[in-house]
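Encoded as structure tokens, the structure appears first; notes follow it.
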Amino acid sequence: MFNDIWIARKSALSLARNLMVITMVIAVGTQYSVITAEDHDSSLVVVNEYDPFA
């Protein structure tokens, strides 16, 4: 979990590029987390999405 959105976005972008998977930054209360597209659920609030193939 990240408190700073900038750090969460940077981590998500790095993971997307290194693992070649789509990653997403989600909001969880007042914090942020990074997940892969496989873990996405419709109940989650997606802040940013990073696609390494785009």
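Note that the structure is a prediction, hence the values are computed from the model and not measured.
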In a table with atom names and distances, give each donor-acceptor pair under 3.5 Å that connects a side chain of residues 28-40 to protein atoms at least two apart or in another chain.
unit_1: Q31; atom_1: NE2; unit_2: N3; atom_2: OD1; d: 2.9
unit_1: T36; atom_1: OG1; unit_2: D39; atom_2: OD2; d: 3.3

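- F2 and V45 fall into different hydrophobic clusters, where Ile, Leu, Val, Met, Phe, Trp and Tyr are joined by side-chain heavy atoms under 4.5 Å apart, directly or via other members.
- Counting only heavy atoms from C-beta outward, the side chains of R9 and L13 never approach each other to under 4.5 Å.
- Using a 4.5 Å heavy-atom cutoff, the side chains of V25 and Y50 are in contact.
- Within the 3.5 Å criterion, the main-chain N or O of I7 finds a donor-acceptor partner in the side chain of S11.
- The line from CG of D51 to CE of M20 is 8.5 Å long, rounded to the nearest 0.5 Å.
- In this structure, E49 and I22 have side chains that are in contact, with non-hydrogen atoms separated by less than 4.5 Å.
- Contact annotation: the side chain of T23 approaches that of L15 to within less than 4.5 Å [non-hydrogen atoms, C-beta and beyond].
- Scanning both residues, V47 and I26, for their nearest heavy atoms gives CG2-C, 4.2 Å.
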